[in-house]
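Given the structure is predicted, the values throughout are model-derived calculations rather than measurements. No hydrogens, no waters, no symmetry mates; every other heavy atom, side chains included, goes into these values. Just so it is clear: chains get the letters A, B, ... in the order the sequence lines come, proteins before strands, and each one is counted from 1.
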2 protein chains.
Amino acid sequence: MSLREQKKKETRNRIFEISLRLFKEKGFEGTTVDEITKEAGIAKGTFFNYFPTKESLLSYFREQREEFIISIMQDQMSREIPVREKIENFLVHVAEYYEKDRYLLRLLFFEQRRLLMSSGHRPSQGDHRKKKQELFIGMLADLSSEGMQKGEIRSDIDPKLIAQTLHAVYFHSLMSWLHSEIDYSFSKDMSAKIDIIFEGIGV
Amino acid sequence: MSLREQKKKETRNRIFEISLRLFKEKGFEGTTVDEITKEAGIAKGTFFNYFPTKESLLSYFREQREEFIISIMQDQMSREIPVREKIENFLVHVAEYYEKDRYLLRLLFFEQRRLLMSSGHRPSQGDHRKKKQELFIGMLADLSSEGMQKGEIRSDIDPKLIAQTLHAVYFHSLMSWLHSEIDYSFSKDMSAKIDIIFEGIGV
DNA sequence: AGTCATAAATGACCGTGGTCATATTTAAGC
DNA sequence: GCTTAAATATGACCACGGTCATTTATGACT
């Protein structure tokens with residue numbers, strides 16, 4: 001790696017680290033780009049050579065999280081355990097991972113303008129790059145299919161529908177937890193709701 | 001009502017109507033407060049006498065929606081039909097109501113900084129005013145309890161948990177629909193997922 | 001080492017949301 | 001109709017996010 005690339009990487013990283021620290025200290029709105037650049041020892045314009053907007057710092061943070069989450073998913077996918085356990089394990093692992101950094105997650109979901117969610121209903125035309133969220137639901141759908149083949153899950157429902165329902169519960173639990181001011185286990189709360197989906201509420 | 005109050009109300013309304021129109025025409029970011037005040041024939045400062053921020057226009061819009069939704073809820077609550085039907089009716093009615101104005105809802109959810117969601121996990125101390133979202137979940141919980149008493153719903157689960165799970169599916173379906181670029185029936189999509197919750201996915 | 005094209009850094013500048021001291025309007029009391 | 005205090009309107013002003021023409025640093029090539 002050339003000196004140039006090296007320095008670029010370092011600068012980008014410095015901006016990012018300083019930003020997250022300041023966000024934690026003073027909030028997202030309360031931190032100005034001027035402060036960030038001053039601390040990083042660069043001019044204001046330079047910031048925008050590295051990140052197109054102040055908000056994009058949060059996107060970058062999210063991308064890093066997503067990489068990690070996908071690795072958790074893939075770990076679970078390959079294990080030799082009942083599908084229900086795989087699903088619960090996966091979701092609980094993600095939840096536990098999130099529990100470590102509630103504050104920055106709050107920023108991520110409440111400060112970022114467009115919080116991406118998977119639609120499950122894509123336009124048939126369009127770019128073919130899979131978004132991370134779709135991968136998330138896609139993997140849950142794969143697990144559901146696997147469960148159907150093994151006779152662990154009802155096979156008269158569209159696996160995608162099941163995946164979306166699971167994801168709904170996961171997402172809702174996450175949001176509730178982020179909004180709440182009290183401390184409780186997000187993963188346990190979610191786990192209870194996943195059980196409902198498996199067992200149904202009907203008599 | 002005095003002349004003063006009358007004019008105040010009119011001005012507030014004019015600002016609001018013009019704003020929503022401009023948002024539809026040019027988007028939220030694309031519309032400036034200057035434009036709004038110019039069209040409304042008032043000075044810029046006056047705008048902020050009526051709405052504390054530009055974003056608060058969206059909150060106001062949401063409050064209006066919420067009033068309406070609560071009335072739908074209350075209608076269903078008092079009918080003499082099976083609980084499952086009440087729940088489905090209620091959620092489907094809300095969905096159908098939303099389907100009428102997808103664009104402004106998108107603004108509401110994607111442009112507004114902090115999109116409120118019910119936690120279901122409130123701090124024990126704090127203000128006692130019930131937020132609208134809690135009312136929403138509260139009513140779903142009441143319906144669940146009713147269903148348990150009538151033997152239509154399993155009674156070994158906390159009704160609140162059921163309510164939250166139902167709300168999760170409702171909210172997720174709504175968000176997916178708002179994100180999607182294609183036209184499909186949000187209410188039907190949601191309905192299918194509600195069925196899953198009633199019947200479970202286990203064998 | 002010197003030249004030069006390209007990458008990267010810079011900060012004056014702009015448009016916007018939001019503030020606030022001041023000016024204007026209202027209506028109650030006389 | 002006049003006075004006066006409170007409600008309301010005003011626009012100059014500020015801070016911030018973001019742009020861009022210009023300057024500076026880099027390294028490939030001779």
Side-chain angles (χ1 to χ4, degrees), chain A residues 1-62 107-108 110-115, chain B residues 1-62 107-108 110-115:
Chain A
M1 181 182 290
S2 73
L3 170 62
R4 203 172 228 172
E5 284 173 41
Q6 188 62 40
K7 281 181 81 174
K8 220 178 151 183
K9 204 173 165 186
E10 276 169 22
T11 301
R12 185 181 171 87
N13 249 314
R14 198 162 71 257
I15 293 174
F16 184 64
E17 304 286 342
I18 288 171
S19 299
L20 287 199
R21 179 167 57 73
L22 289 178
F23 290 167
K24 281 186 199 175
E25 284 171 22
K26 329 172 50 171
F28 182 77
E29 301 286 328
T31 305
T32 67
V33 176
D34 269 331
E35 283 175 296
I36 295 169
T37 54
K38 212 169 173 182
E39 282 225 23
I42 56 173
K44 190 176 174 182
T46 306
F47 175 93
F48 293 98
N49 289 341
Y50 288 90
F51 296 92
T53 64
K54 182 177 153 188
E55 247 184 60
S56 67
L57 286 164
L58 298 180
S59 311
Y60 185 62
F61 174 67
R62 196 189 55 216
L107 281 188
L108 205 56
F110 303 148
E111 301 283 5
Q112 205 168 12
R113 237 158 238 287
R114 342 191 116 252
L115 60 100
Chain B
M1 183 181 290
S2 74
L3 170 62
R4 202 169 230 173
E5 284 173 42
Q6 188 61 39
K7 280 182 81 174
K8 216 178 154 182
K9 203 174 167 185
E10 276 170 20
T11 301
R12 185 180 170 87
N13 248 314
R14 197 162 72 257
I15 293 175
F16 184 64
E17 304 285 343
I18 286 171
S19 299
L20 287 199
R21 179 167 58 72
L22 288 178
F23 291 165
K24 281 187 200 176
E25 282 171 24
K26 331 172 50 172
F28 182 76
E29 301 285 330
T31 304
T32 67
V33 176
D34 270 332
E35 283 175 295
I36 295 170
T37 54
K38 211 170 172 183
E39 282 224 22
I42 55 173
K44 189 176 174 184
T46 306
F47 175 92
F48 293 98
N49 290 341
Y50 288 90
F51 295 93
T53 65
K54 182 178 154 188
E55 247 185 63
S56 68
L57 286 164
L58 298 181
S59 311
Y60 185 63
F61 174 66
R62 195 189 57 217
L107 280 188
L108 206 55
F110 304 147
E111 302 282 6
Q112 206 166 11
R113 236 158 238 286
R114 344 190 114 252
L115 61 99

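- Partners of B:Glu10 according to the salt bridge (Lys or Arg N to Asp or Glu O under 4.0 Å) rule, which considers only residues two or more places apart in sequence or in another chain, do not exist here.
- Taking the C1' atoms of five terminal pairs at each end of the helix from C:dA1-D:dT30 to C:dC30-D:dG1, the two resulting helix axes are inclined by 10°, rounded to 10°.
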For residues 45-52 of chain A, which side-chain donor-acceptor pairs fall under 3.5 Å, sequence neighbours excluded?
none

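- Note on A:Ser56: nothing from the nucleic acid sits closer than 4.0 angstrom, heavy atoms only.
- Going from atom CD of A:Glu35 over to atom P of D:dA15 covers 13 Å, rounded to whole Å.
- When all heavy atoms of B:Ala43 and B:Thr37 are compared, the pair lying nearest together is O-CG2, 3.7 Å.
- Atom CG in A:Asp34 sits about 12 Å away from atom P in C:dA12, given to the nearest Å.
- Rounded to an integer number of Å, the gap from CD of A:Glu55 to C1' of D:dG18 is 13 Å.
- Across the protein-nucleic acid pair, A:Ile36 atom CD1 and D:dG17 atom P stand 8 Å apart, rounded to whole Å.
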Polar atoms only, N or O, under 3.5 Å: list the protein pairs with nucleotides 5-7 of chain D and their distances.
| residue | atom | partner | partner atom | Å |
| --- | --- | --- | --- | --- |
| D:dA7 | O4' | B:Arg4 | NH1 | 3.4 |

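- With rounding to whole Å, A:Phe51 atom CZ is found 18 Å from D:dT19 atom C1'.
- The shortest distance between side-chain heavy atoms of B:Lys38 and B:Asp34 does not fall below 4.5 Å.
- OP1 or OP2 of C:dA9 lies within a sub-4.0 Å distance of a side-chain N or O belonging to A:Tyr50.
- The two residues B:Ile18 and B:Ala40 have their closest heavy-atom pair at CD1-CA, 3.7 Å.
- Taking only distance into account, the side chain of A:Asn49 never meets the base of C:dA8 through a donor-acceptor pair shorter than 3.5 Å.
- Shown here are the side-chain hydrogen bond (donor to acceptor under 3.5 Å, both in side chains) partners of A:Arg12, two or more places apart in sequence or in another chain: there are none.
- The side-chain heavy atoms of B:Leu107 and B:Phe61, taken from C-beta on, include no pair separated by under 4.5 Å.
- As a whole-Å value, the separation of B:Gln6 CD from C:dT26 P is 14 Å.
- Evaluation of the ring pair (Phe, Tyr, Trp, His ring centres under 6.0 Å) rule for A:Phe16 yields A:Tyr60 as partners, not counting sequence neighbours.
- In this structure, the NZ atom of A:Lys26 is 9 Å from the P atom of D:dC16, given to the nearest Å.
- Looking at residues two or more places apart in sequence or on another chain, you find a salt bridge (Lys or Arg N to Asp or Glu O under 4.0 Å) between B:Lys26 and B:Glu35.
- Look at CD1 on B:Ile15: it is 13 Å from P on D:dT8, rounded to the nearest Å.
- The side-chain hydrogen bond (donor to acceptor under 3.5 Å, both in side chains) test applied to B:Glu39 returns B:Arg21, not counting sequence neighbours.
- In terms of heavy atoms, A:Phe23 sits closest to A:Lys54 at CE2-CE, 4.4 Å.
- Every residue was checked against the side-chain hydrogen bond (donor to acceptor under 3.5 Å, both in side chains) condition with B:Ser56, not counting sequence neighbours, and none meets it.
- Near-neighbour residues of DNA chain C inside residues 38-48 of chain B, defined by a heavy atom below 4.0 Å, number-ordered: B:Lys44, B:Phe48.
- In this structure, B:Thr31 reaches the sugar-phosphate backbone alone: every heavy-atom distance under 4.0 Å involves primed, P, OP1 or OP2 atoms, never a base.
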